[in-house]
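As structure tokens, the structure follows; a few thoughts come after it.
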Amino acid sequence: MGMRVTNEQAETAAAACVASVMERYGGAGIEATVEHHSNDFKMPFVRIHSPPQHWVALAKTLRFDLGANYCSMVTGTHFPEGGDDRGWDVVYHLMRQPVTDQKPHTNTVHVAEKLSGKDVPLEFEVLITLPQTDVPSVPSVQSIWVGADWNEKETWDLVGIKFEGHENMHRVLNPHDSPEGFHPLQKQHKIRYHDFNEMYDDAQGFGRKPTDEGRVK
Amino acid sequence: MAQMWITMGPQHPMTHGLWTLRVKVDGETVVDTDAELGYIHRGVEKIAEARDFTQITPYCDRLCYVSAMTWANSYIYAAEDLLEVDVPERAEYIRLISAECQRLASHLMWLGAYGPDIGSLTLMTWCMRDREMFLDLLQELGGSRMHYNYPRVGGVKRDIPVGFADRLIAKVKLFEKRIEEYEMMLDESTIWLVRLQGVGYAKAEDMVNAGVSGPNIRAAGVNYDVRWAHPYSVYDQVDWEPAVEKPTSVKGADCYDRYRVRMEEMRQSCRMILDAIEKIPGGKNTNYASGDAMILAKAPTRAPEGATGFSHYECTRGASQFYIKGGGDGRGKNPYRLSIRSPMFITIPYVAKTMIGYKVADIPAIMGSFDPCIGETDR
């Protein structure tokens with residue numbers, strides 16, 4: 001029969017993590033809360049707001065004390081109209097997974113409902129807000145999670161967030177010879193919606209021009 | 001002997017798509033590797049910023065052309081988190097069945113492509129034959145053969161057609177016997193064992209640290225699965241258990257373990273489908289009209305600024321995730337930012353590094369065993 005991590009388990013685990021983070025970093029401007037998804041099972045997760053200068057210390061705590069052993073995704077967002085305090089934000093999604101190396105000819109079969117303590121899978125969402133600037137940058141956590149390596153490369157490539165201390169940064173999805181400063185997910189690069197009539201009149205698209213023509217690309 | 005760099009790809013049978021593996025060799029031994037991606041980057045994340053929440057689904061279908069249904073579902077769960085929708089249970093069952101049919105089709109595509117990598121063309125023809133059964137079933141739901149555009153925010157587009165349940169059960173039961181045929185052909189084949197066993201070791205903790213997920217982790221001996229760890233849909237109500245292997249070496253799972261875990265996963269998908277079709281609320285032979293409250297809940301079309309949606313999903317190749325920020329163009333009709341986490345994007349650079357120390361001839365065996373798909377990698 002199927003199984004799943006129950007809300008109570010996740011709730012307890014999330015509350016413990018929030019208490020641990022707040023106890024250690026409460027005075028440093030880091031704020032942790034338990035939030036809930038609004039679909040399906042309303043599962044809880046931990047949301048942490050961190051200023052960029054404390055991010056590496058926080059990341060080490062999450063990785064080595066709270067067991068967030070999996071850096072699953074890094075999302076950068078550009079807010080050109082977000083005011084002086086919020087020009088960019090970077091969101092790290094981390095997971096805690098009860099996975100350990102196995103001895104030969106053995107395996108671990110977890111029963112979801114019986115997991116407890118630091119074995120309960122949990123989701124962490126770390127938000128780092130950056131002020132309005134032309135050169136947004138956050139410290140890299142490449143050395144803490146190997147999985148952060150290519151995620152950070154992608155975020156720099158597409159959004160233009162600089163990751164200080166990231167080794168071997170290069171283009172991954174855009175062509176390697178893209179002009180410096182071209183990061184297509186920044187909001188000054190507009191995407192045009194071709195409406196039905198336009199498609200009809202100019203099916204080949206010869207008459208279309210990008211709206212950011214003439215600007216640095 | 002002098003070392004030299006060899007470029008494999010972008011057009012190479014090993015790539016299963018379009019990317020470049022640069023290999024530094026010392027004689028026949030691989031001493032360094034470097035992966036280059038991005039050949040089919042389509043900018044789905046940017047395109048999504050100019051589309052409303054329903055219009056994004058077909059783009060997500062095309063993220064992975066082998067596993068369209070799971071990717072569309074994955075997006076839909078994030079959109080439902082953002083728009084705060086509760087989905088009717090019948091729709092959840094239909095999604096589960098469609099996703100598991102897609103998993104069977106995708107794993108068959110993997111096995112079919114892996115066979116020629118190792119030297120067995122028979123496998124390709126057998127797998128294509130069986131995959132067609134599941135593509136036909138999915139075609140009955142979505143209307144087209146590969147890109148279905150089937151799930152909707154709040155449910156599914158159409159109910160299962162009359163007679164679908166009988167055809168599904170017959171085909172799945174037939175396929176359960178076919179899995180045994182595959183195993184008879186492969187498990188004791190000397191060629192298969194020589195090429196797969198003792199090659200491409202990967203340890204569980206290393207993989208988690210590097211961001212590898214899904215069947216590759218379960219092959220290393222831990223039954224971690226998003227379907228129970230970050231639950232969605234009705235996987236807790238149907239009969240199944242995550243496939244898991246017992247790796248034979250301290251060095252972790254080899255290619256053979258990864259092959260075995262996918263075969264076992266296909267068995268579990270069959271078991272799940274057969275159970276779900278019997279338990280489906282409203283009955284397996286009823287057909288509700290499109291838009292009926294049994295299969296589609298009413299959903300808002302706009303999301304306010306500051307709202308976020310996130311989904312965990314066990315895709316066929318690992319954990320896929322979507323992260324959506326609301327409040328884009330059209331007073332929140334479009335997402336402000338949509339971010340996609342593709343399991344293969346993280347896995348391919350990791351796999352490239354695990355090849356170091358093996359022979360050049362092992363490269364297709366190692367790469368294929370991780371089941372790369374470049375559509376989702378490059379987005």
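Order of the sequence lines sets the chain letters (A, B, ...), proteins ahead of strands, with each chain counted from 1.
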Please classify the contact between B:Val234 and chain A as side chain, backbone, both or neither, with a heavy-atom cut-off of under 4.5 Å. neither
Below 4.5 Å from any heavy atom of chain A, which atoms of B:Glu241 appear? Answer side chain, backbone, both or neither. neither
Heavy-atom contact with chain A under 4.5 Å, split by part of B:Ser311: neither
Give the intermediate values and the outcome of side chain to side chain contact (heavy atoms under 4.5 Å, CB included) for residues B:Lys246 and A:Thr106. CA-CA 5 Å; B:Lys246 284 182 183 168; A:Thr106 55; 5.8 Å; no
Pick one of side chain, backbone, both or neither for B:Tyr39, based on which atoms fall under 4.5 Å of a heavy atom in chain A. neither
Test log, rule side chain to side chain donor-acceptor pair (under 3.5 Å), inputs A:Glu123 and B:His230: CA-CA 8 Å; A:Glu123 175 196 336; B:His230 299 281; 5.0 Å; no
B:Lys325 versus A:Thr77, side-chain donor and acceptor atoms under 3.5 Å: yes
When B:Ala253, B:Gly309, B:Ser339 are compared by non-hydrogen pairs under 4.5 Å with chain A, the top option: B:Ser339
Residue by residue, which of residues 88-95 of chain A have a heavy atom closer than 4.5 Å to a heavy atom belonging to chain B? A:Asp89, A:Val91, A:His93, A:Met95
Is the shortest side-chain heavy-atom distance between B:Tyr350 and A:Val146 below 4.5 Å? no
Check the surroundings of atom NZ in B:Lys333: do more than 12 heavy atoms from other residues, nucleotides or ligands lie under 6.0 Å from it? no
When the 4.5 angstrom heavy-atom criterion is applied to A:Tyr70 and chain B, the contacting part is both
Under a 4.5 Å heavy-atom criterion, the part of residues 153-161 of chain A in contact with chain B comprises A:Glu154, A:Leu158, A:Val159
Would you mind telling me which of B:Ile40, B:Asp206, B:Asn209 has the largest number of heavy-atom pairs within less than 4.5 Å of chain A? B:Asn209
Heavy-atom proximity to chain A below 4.5 Å, by part of B:Arg379: side chain
I want to check something: taking the side chain as every heavy atom from C-beta on, are A:Met43 and B:His312 in contact at a cut-off of under 4.5 Å? no
Applying side chain to side chain contact (heavy atoms under 4.5 Å, CB included), run through B:Lys46 and A:His189 and close with a yes or a no. CA-CA 9 Å; B:Lys46 188 74 178 177; A:His189 303 294; 4.2 Å; yes
Between A:Asp101 and B:Ala204 the two heavy atoms that sit nearest each other are OD1-N, 3.2 Å
Among the listed options B:Val212, B:Thr377, B:Leu82, B:Asp225, the residue most often paired with chain A at heavy-atom distances under 4.5 Å: B:Val212
Go through the atoms of A:Met3 and report whether side chain, backbone, both or neither lie under 4.5 Å from a heavy atom of chain B. both
Could you tell me which portion of A:Leu115 (side chain, backbone, both or neither) has an atom closer than 4.5 angstrom to a non-hydrogen atom of chain B? side chain
Counting heavy-atom pairs under 4.5 Å with chain A, the top scorer among B:Gly43, B:Ala35, B:Gly38 is B:Gly38
Side chain, backbone, both or neither of B:Tyr323 within contact of chain A (heavy atoms, under 4.5 Å): both
Measure the shortest side-chain to side-chain distance between A:Lys187 and B:Glu49 over non-hydrogen atoms and say whether it is less than 4.5 angstrom. yes
Identify which of B:Val85, B:Leu83, B:Asp378 forms the greatest number of heavy-atom pairs closer than 4.5 Å to chain A. B:Asp378
Which portion of B:Thr308 sits near chain A, non-hydrogen atoms under 4.5 angstrom: side chain
A:Gln9 portion near chain B, given a 4.5 angstrom heavy-atom threshold: neither
Side-chain heavy-atom pair B:Val244, A:Val109 within 4.5 angstrom cut-off: yes
Please answer whether the main-chain N or O of B:Val250 pairs with a side-chain N or O of A:Lys103 as donor and acceptor at a distance below 3.5 Å. no
Can you say whether B:Tyr336 sits under 4.5 Å from chain A via the side chain, the backbone, both, or neither, judging by heavy atoms? both
Donor-acceptor contact present, side-chain B:Arg341 to main-chain A:Ser72, <3.5 Å: yes
Testing the basics here: between A:Gly76 and B:Arg337, what is the closest heavy-atom pair and its distance to 0.1 Å? O-NE, 2.6 Å
With a 4.5 angstrom heavy-atom cut-off, could you sort out which part of A:Pro98 is near chain B: side chain, backbone, both or neither? both
Could you tell me whether the side chain of A:Phe41 reaches within less than 4.5 Å of the side chain of B:Asp236, counting heavy atoms only? yes
Top contributor to chain B interface from A:Val5, A:Thr108, A:Leu173 [non-hydrogen pairs under 4.5 Å]: A:Leu173
Output field: ring centroids B:Phe310/A:Phe45 closer than 6.0 Å: no
Once you measure the plane-to-plane angle for A:Trp150 and B:Phe345, does it fall in the parallel (<30°), tilted (30-60°) or perpendicular (>60°) bin? perpendicular
Given side chains that start at C-beta, do those of A:Val99 and B:Ile217 come closer than 4.5 Å, heavy atoms only? yes
Will you find, in the side chains of B:Asn223 and A:His110, an N or O donor that is under 3.5 Å from an N or O acceptor? no
Please flag which part of B:Ala229 lies under 4.5 Å from any non-hydrogen atom of chain A: side chain, backbone, both or neither. both
Counting only heavy atoms not in B:Lys353, do more than 12 fall under 6.0 Å of its NZ? yes
Side-chain contact test, heavy atoms from C-beta onward, threshold under 4.5 Å: evaluate it for B:Leu37 versus A:Val172 and give yes or no. no
Turns out that what part of B:Ile340 lies under 4.5 Å from chain A's heavy atoms comes down to backbone
Are B:Glu245 and A:Asn107 packed together at the side-chain level, in the sense that at least one heavy-atom pair is separated by less than 4.5 angstrom? no
Considering only heavy atoms, which portion of B:Ser249 lies under 4.5 Å from any heavy atom of chain A: side chain, backbone, both, or neither? backbone
Under 4.5 Å from any heavy atom of chain B - which part of A:Gln186: backbone
Between A:Lys42 and B:Asp86, does any side-chain N to carboxylate O distance fall below 4.0 Å? yes
Name the region of B:Pro343, side chain, backbone, both or neither, that has any atom closer than 4.5 Å to a heavy atom of chain A. neither
Per-residue contact mode, B:Val208 against chain A (heavy atom under 4.5 angstrom): both
Only pairs of heavy atoms separated by less than 4.5 Å count here; which of B:Gly252, B:Ser342, B:Ser233 has the most with chain A? B:Ser233
Of all of A:Gln102, A:Gln97, A:His170, which one pairs up most often with chain B through heavy atoms under 4.5 Å apart? A:Gln97
Against chain B, label A:Arg63 side chain, backbone, both or neither, depending on which of its atoms sit under 4.5 Å from a heavy atom there. side chain
With no hydrogens and no angle check, just 3.5 Å: does a side-chain donor-acceptor pair link A:Thr100 and B:Glu205? no
Would you say the side-chain atoms of A:Ser38 pair up with the backbone N or O of B:Asp81, donor to acceptor, closer than 3.5 Å? yes
Bottom line for B:Glu305: the part with an atom under 4.5 Å from chain A's heavy atoms is side chain
Could you state the interatomic distance from CE (A:Met73) to CD (B:Gln321), rounded to the nearest 0.5 Å? 6.5 Å
